[in-house]
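Have a look at the structure below, then the notes.
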Amino acid sequence: MRAFVLSSYGAVADCVRLAELPDPVASTGQVVVEIHAASLNPIDYKLIRGDLKRISKYRLPHPIGFDASGVILSVGLGATRFAPGDAVFLRTSRERIGTFAEQIAIDERLVAARPASISHLEAASLPLVGLTTLQGFARAGAKAGQRILIHAGSGGVGTFAIQYAKHLGLEVSTTTSAKNADFVRSLGADRVIAYDREDYLAQGGGYDIVYDTLGGKFTVDAFKVVKRGGTVISLSGPPDRDFARREDSSLMVRIAVWLMGRKVYAAADQAGASYCWYFTEPSGDQLREIAGLVDAGAIVPVIDRAFDFEQLPQALAHLEAGHARGKVVLKVR
Ligand SMILES: NC(=O)c1ccc[n+]([C@@H]2O[C@H](COP(=O)([O-])OP(=O)(O)OC[C@H]3O[C@@H](n4cnc5c(N)ncnc54)[C@H](OP(=O)(O)O)[C@@H]3O)[C@@H](O)[C@H]2O)c1
């Protein structure tokens with residue numbers, strides 16, 4: 001089969017190449033999926049650049065890509081949930097990535113039936129951003145009536161998060177640029193703060209939850225607008241202090257994590273709010289929940305642009321530019 005592999009860490013254009021690999025075989029508990037579509041996430045270019053080397057190390061060359069939609073080709077011993085021909089979508093584990101490929105072998109517990117109402121391209125756009133949002137909102141205890149600020153509402157995560165927050169009954173404020181204001185309103189945002197026209201910090205606070213997709217200064221500043229007792233859930237800030245324990249990290253990593261989080265924890269203490277950072281975990285059960293939301297019309301996939309399989313490097317460069325409106329997807333078949 002053909003698969004894109006990471007051959008060294010560095011610039012996307014230099015480090016990703018198309019290779020011919022042996023077709024995968026399903027081990028015990030696994031299924032082999034013929035991939036029809038995949039989607040890109042910022043973690044793909046971060047991983048290629050080597051930003052995550054300390055957390056996830058791969059023996060190179062290594063296949064890449066987390067999200068896919070496709071059809072079951074074969075099932076391994078003890079795998080009972082699917083049969084050849086079933087349409088499915090999936091997010092790989094961090095250890096066994098490789099969806100920018102024609103096939104993948106994967107633990108059947110990380111796979112779910114594709115939502116019946118949408119295409120493979122649309123289904124491939126959902127797993128990582130959907131799981132991220134379900135898991136983040138659960139950690140924050142998000143519930144109806146709360147006020148949430150979602151940064152970058154027009155991005156891959158944001159477009160899912162706005163819809164999911166409205167489904168749960170939260171009041172949604174979101175940041176994006178002025179050109180995307182009507183677009184995020186169409187997804188359900190109650191209030192849009194255009195970052196190129198106004199300063200969100202001057203627009204009042206009192207949020208129960210701030211969903212920080214941007215990191216850097218945005219993580220510390222989130223504590224200026226979150227209310228006392230509220231939660232900042234961050235995807236891009238420094239790891240929270242529980243992270244090293246959850247990952248079973250070495251003493252060196254624990255110390256590094258503690259130091260990286262100093263400013264954020266000082267801001268959290270001052271605001272009387274909590275800080276939570278996490279790595280999204282794969283889950284077939286939660287993908288089933290997402291499929292249900294899609295089939296019920298609560299979540300509509302948002303595709304920014306679809307690229308041909310061979311154009312993965314161009315697709316990664318497009319995403320890395322930082323202005324995708326929804327998800328960037330890859331037509332594998
Ligand atoms: N920890 C985890 O497990 C986890 C999971 C998922 C994602 N993440 C991280 O979360 C981040 C967001 O992911 P994503 O998929 O949503 O990225 P994305 O799709 O690339 O985000 C692009 C969007 O960000 C908007 N944006 C850029 N600068 C902005 C600003 N200053 N204020 C408001 N909006 C801004 C852009 O809108 P304009 O075009 O209008 O500028 C664009 O629509 C990434 O860093 C990713 O790595 C982490």
Side-chain angles (χ1 to χ4, degrees), residues 37-44 66-69 89-92 99 112 114-115 117-140 142-144 146 148-176 180-181 183-192 209-215 233-236 276 278-306 319 322-330:
S39 83
L40 283 67
N41 296 283
I43 193 170
D44 300 316
F66 286 78
D67 280 340
S69 177
F89 68 146
L90 59 95
R91 205 218 87 169
T92 67
T99 58
R114 191 191 77 186
S117 54
I118 59 174
S119 66
H120 280 299
L121 279 174
E122 290 171 315
S125 76
L126 294 167
L128 191 143
V129 296
L131 293 170
T132 299
T133 300
L134 260 61
Q135 291 167 20
F137 280 36
R139 281 169 185 269
K143 54 178 188 285
Q146 289 183 325
I148 186 169
L149 172 64
I150 297 173
H151 276 306
S154 49
V157 173
T159 48
F160 189 101
I162 291 173
Q163 299 183 73
Y164 186 62
K166 290 313 296 176
H167 168 72
L168 294 182
L170 282 83
E171 185 193 311
V172 175
S173 296
T174 191
T175 59
T176 183
N180 285 325
F183 164 64
V184 292
R185 262 189 218 104
S186 75
L187 296 175
D190 300 292
R191 190 162 73 118
V192 183
I209 301 169
V210 178
Y211 197 31
D212 164 37
T213 57
L214 293 169
I233 336 165
S234 182
L235 303 178
S236 305
C276 164
Y278 62 101
F279 248 140
T280 308
E281 295 300 332
S283 162
D285 289 343
Q286 284 179 330
L287 286 182
R288 251 199 312 285
E289 200 178 327
I290 290 167
L293 291 169
V294 171
D295 284 335
I299 300 284
V300 177
V302 182
I303 307 284
D304 167 74
R305 196 163 153 193
L319 182 68
H323 296 288
R325 193 196 242 206
K327 293 279 304 183
V328 178
V329 292
L330 203 60

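All values below come from the heavy atoms of this structure, side chains included, with hydrogens, waters and symmetry mates left out. Bear in mind the structure is a predicted one, so any value in this text is a computation, not a measurement.
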Check your understanding: Any side-chain heavy atom of L235 sitting closer than 4.5 Å to one from V157?
Key -> yes
Practice item. May I have the step-by-step check of side chain to side chain contact (heavy atoms under 4.5 Å, CB included) for Y278 and T132, ending in yes or no? Key: CA-CA 9 Å; Y278 62 101; T132 299; 3.4 Å; yes
Review point. Does the side chain of T213 pick up a donor-acceptor pair with the side chain of H151 at under 3.5 Å?
Key: no
Point to revise | Closest heavy-atom pair and its distance - L319, A324 | key: CD1-CB, 4.1 Å
Review point. Closest heavy-atom contact between I290 and L131?
Key: CD1-N, 3.7 Å
**Study point:** Side-chain heavy atoms of V129 within contact of K327, under 4.5 Å
**Key:** yes
Practice item. Look at the side chain of T176 and the backbone N and O of A152, then say whether any donor-acceptor pair between them is shorter than 3.5 Å. Key: no
Practice item. Compare all side-chain heavy atoms of I209 with those of L170 and state whether any distance is below 4.5 angstrom. Key: yes
Review point. Nearest heavy-atom pair of G153 and L187: which atoms, and what distance?
Key: O-CD1, 4.4 Å
Review point. Which residues satisfy the ring-ring contact (aromatic ring centres under 6.0 Å, His included) test with F160, sequence neighbours excluded?
Key: none
Exercise for review: Kindly indicate whether the side chain of P301, heavy atoms from C-beta on, has any atom under 4.5 Å from the side chain of I118.
Suggested key: yes
Exercise for review: Decide yes or no on side chain to side chain donor-acceptor pair (under 3.5 Å) for Q286 and Q135, but give the supporting numbers first.
Suggested key: CA-CA 9 Å; Q286 284 179 330; Q135 291 167 20; 2.8 Å; yes
Practice item. Assess whether side chain to side chain contact (heavy atoms under 4.5 Å, CB included) is satisfied between Q163 and K166, documenting all intermediate values. Key: CA-CA 5 Å; Q163 299 183 73; K166 290 313 296 176; 5.9 Å; no
**Study point:** Distance (rounded to the nearest 0.5 Å) between L90 CG and S69 OG
**Key:** 8.0 Å
Point to revise | Flag for E122-S125: side-chain donor and acceptor within less than 3.5 Å | key: no
Review point. CD of E171 to CZ of R191: how many Å apart, nearest 0.5 Å?
Key: 8.0 Å
Review point. Taking atom OG1 of T133 and atom CD1 of I299, what is their separation to the nearest 0.5 Å?
Key: 8.0 Å
Practice item. Using distance alone, with no hydrogens and no angle criterion, decide if D295 and S117 have a side-chain donor and acceptor under 3.5 Å apart. Key: yes
Exercise for review: Please name the pair of heavy atoms, one in S39 and one in D67, separated by the smallest distance, quoted to 0.1 Å.
Suggested key: OG-OD2, 2.9 Å
Point to revise | Inter-residue atom distance L134.CG - E289.CD, 0.5 Å rounding | key: 4.5 Å
**Study point:** pair R114-H120: side-chain heavy atoms closer than 4.5 Å
**Key:** yes
**Study point:** Min side-chain heavy-atom separation L149-D212 under 4.5 Å
**Key:** no
Review point. Which is it for R91 and T280 under the side chain to side chain contact (heavy atoms under 4.5 Å, CB included) test, yes or no, and what are the steps along the way?
Key: CA-CA 10 Å; R91 205 218 87 169; T280 308; 3.6 Å; yes
Practice item. Apply salt bridge (Lys or Arg N to Asp or Glu O under 4.0 Å) to R185 and D190, showing your working. Key: CA-CA 7 Å; R185 262 189 218 104; D190 300 292; over 6 Å; no
Review point. Does a side chain donor of either S234 or Y211 reach within less than 3.5 Å of an acceptor in the other side chain?
Key: no
**Study point:** Considering all heavy atoms, the nearest P127-F89 contact
**Key:** CG-CD1, 3.8 Å
Practice item. Check the pair V210, I233 against side chain to side chain contact (heavy atoms under 4.5 Å, CB included), reporting the backbone distance first and the verdict last. Key: CA-CA 6 Å; V210 178; I233 336 165; over 6 Å; no
**Study point:** Atom pair CG (N180) and OG1 (T174), whose distance is rounded to the nearest 0.5 Å
**Key:** 10.0 Å
Check your understanding: Can you name the closest pair of heavy atoms from I148 and A165 and give their distance?
Key -> CG2-CB, 4.3 Å
Revision key, fill the gap. The reported gap from NE2 in H167 to CZ in F137 (rounded to nearest 0.5 angstrom) is 11.5 Å
